[in-house]
Amino acid sequence: MSWSWSWPCKVSSHPSALFFLARKLSEWAPDVVFSFFCTPKTNGSLTSWPALPNLRIYDVADGLPVGHVSKGRVDDEIDFFLGVTPGNYREAVKRVDEMEKVSCVVSDAFLWFAREMAEEMSVAWVAFWIAGACALSDKARQQGDFESIHRNIMVGFSTWDFDPMDLSNPFPHKGFVHIWQGYKDKLVPFLLLHYVSKMLPWIQYHELADCGHLLIKSDGLNPNSISFLPPALHTIPTAPSPKAHVAVLTFPFGSHPSVPFFLTRKLAEWAADVAFSFFCIAKTNSYLSSWPTIPNLRIYDLADGVAEGHMLEVSLEDQIELFLWATPGNYREAIKRVNEIDKVGYVLSDALLWFAGHMAEEMGRGRSLGGVLERQCL
């Protein structure tokens, strides 16, 4: 038997999101019983959905005084609810558990006591994070921008008094922490989470090929229904270990980028167990990345040499000159970051990149394979 509970606050999508998850799981596993716990008011709005034989709904006390008349203030209802929590959940779950033993707990991540209850019952626990990037944003600024937002930024980018890589698995029942991230995330580098998932095997990393930082805003994703989650969430392995890693370096102007890019795509399709990293400037990568994603082909941006914030139109000749001023330092810096995460074994380069051979020798791995990539006119 499995059961779940949710944060009942009606200003958020917490109850409905977890309820739809419970419904989907009930449909997929008809031989498993699911018990959903929430306040009577919230349950009343959810029970309008068609009943499922293995999904049962139970009320937990909301803490409201007898005869309470709502003044339309959600904050008051939350205060009353928190005043009886977690006792209300413990009491409701105890009654159900006496009739039919609970074997797994799926809880809203907001409910801080769920893990402790699962441990007391000696069952598995799964925390489900529901809030989107802007959830409860009106509450996040109650202390003012500096205390709320700026301090969060300070914590995120400051020096911590511990190394996250030294953390041990917090789950006594051999559980995992699951992290989902978009491959096109420009705020949090996916390479960082690749490294984290390799160093901490209890973290299961899932990557969405066509999503950015705000997964909740991505096409095809509905935060209130798990049925809309793309298959990539469940199929991308954690911390992949390909047999080889090939770095592909190209000159970003003329027909140079497209030829090695299509060559790299073909190689990636033929050798699915080999990782390919393609390096070019952001402007070129933006239209190359519109092609369907291949799991073992990754695209990385190089510095193009154009000053940050530059707004004037730059001629092609000037673009090439600025790029050459930044070369080969831009390639060295980009490859160094990738190489620290996943060692490069081979370098495949455009023959115009005179420094590629030296870079391969310095890395002590593989060799530089050059080729004339411009098409010849017959």
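Any value given below was found using the heavy atoms of this structure, including those in side chains, with hydrogens, waters and symmetry copies removed. Count residues from 1 along the sequence. Only a predicted model underlies this, so the values are computations on that prediction, with no experimental measurement involved.
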With a 4.5 Å limit on heavy-atom distance, are the side chains of [X] and [Y] in contact?
X      : Y      : answer
Thr327 : Phe251 : no
Val105 : Val93  : no
Ile335 : Met363 : yes
Phe80  : Pro65  : yes
Leu263 : Val248 : no

Roughly how far apart are [X] [atom1] and [Y] [atom2], rounded to 0.5 Å?
X      : Y      : atom1 : atom2 : result
Thr39  : Phe81  : OG1   : CZ    : 7.0 Å
Ile320 : Leu324 : CD1   : CG    : 7.0 Å
Lys266 : Glu269 : NZ    : CD    : 5.0 Å
Asp62  : Lys41  : CG    : NZ    : 9.0 Å
Met359 : Asn339 : CE    : CG    : 9.0 Å
Glu119 : Trp125 : CD    : CH2   : 8.5 Å

Do [X] and [Y] belong to the same hydrophobic cluster, where Ile, Leu, Val, Met, Phe, Trp and Tyr are linked whenever their side-chain heavy atoms lie under 4.5 Å apart, directly or via other members?
X      : Y      : answer
Val246 : Trp270 : yes
Tyr300 : Phe261 : yes
Val32  : Met99  : no
Leu18  : Trp28  : yes
Val84  : Leu64  : no

Which pair of non-hydrogen atoms, one from [X] and one from [Y], has the smallest distance, and what is that distance?
X      : Y      : result
Leu55  : Ala22  : CD1-CB, 4.2 Å
Asp59  : Pro40  : OD1-CA, 3.6 Å
Ala118 : Ala124 : CB-O, 4.2 Å
Arg23  : Pro50  : NH1-O, 2.6 Å
Asp342 : His245 : O-ND1, 2.8 Å

*Which one of Trp354, Phe279, Phe355 satisfies the ring pair (Phe, Tyr, Trp, His ring centres under 6.0 Å) criterion with Tyr331?*
Phe355
*Might you work through the salt bridge (charged side-chain N to carboxylate O under 4.0 Å, His left out) test for Glu91 and Lys94, ending with a clear yes or no?*
CA-CA 5 Å; Glu91 182 180 350; Lys94 181 181 178 181; over 6 Å; no
Please confirm whether the backbone N or O of [Y] pairs with a side-chain atom of [X], one donor and one acceptor, at under 3.5 Å?
X      : Y      : value
Asn43  : Tyr58  : yes
Asn296 : Ala271 : yes
Asn54  : Ala29  : yes

*Inspect the contact between Lys336 and Glu362 and indicate whether a charged nitrogen and a carboxylate oxygen are less than 4.0 angstrom apart.*
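Result for this pair is no, no salt bridge flagged.
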*What's the verdict on side-chain contact (heavy atoms from CB on, under 4.5 Å) for Leu297 and Thr264, showing C-alpha distance, side-chain angles and the deciding distance?*
CA-CA 8 Å; Leu297 171 58; Thr264 306; 3.5 Å; yes
*Between Asn285 and Phe278, is a side-chain contact (heavy atoms from CB on, under 4.5 Å) present by the stated rule, with each step listed?*
CA-CA 9 Å; Asn285 284 341; Phe278 183 85; 3.8 Å; yes
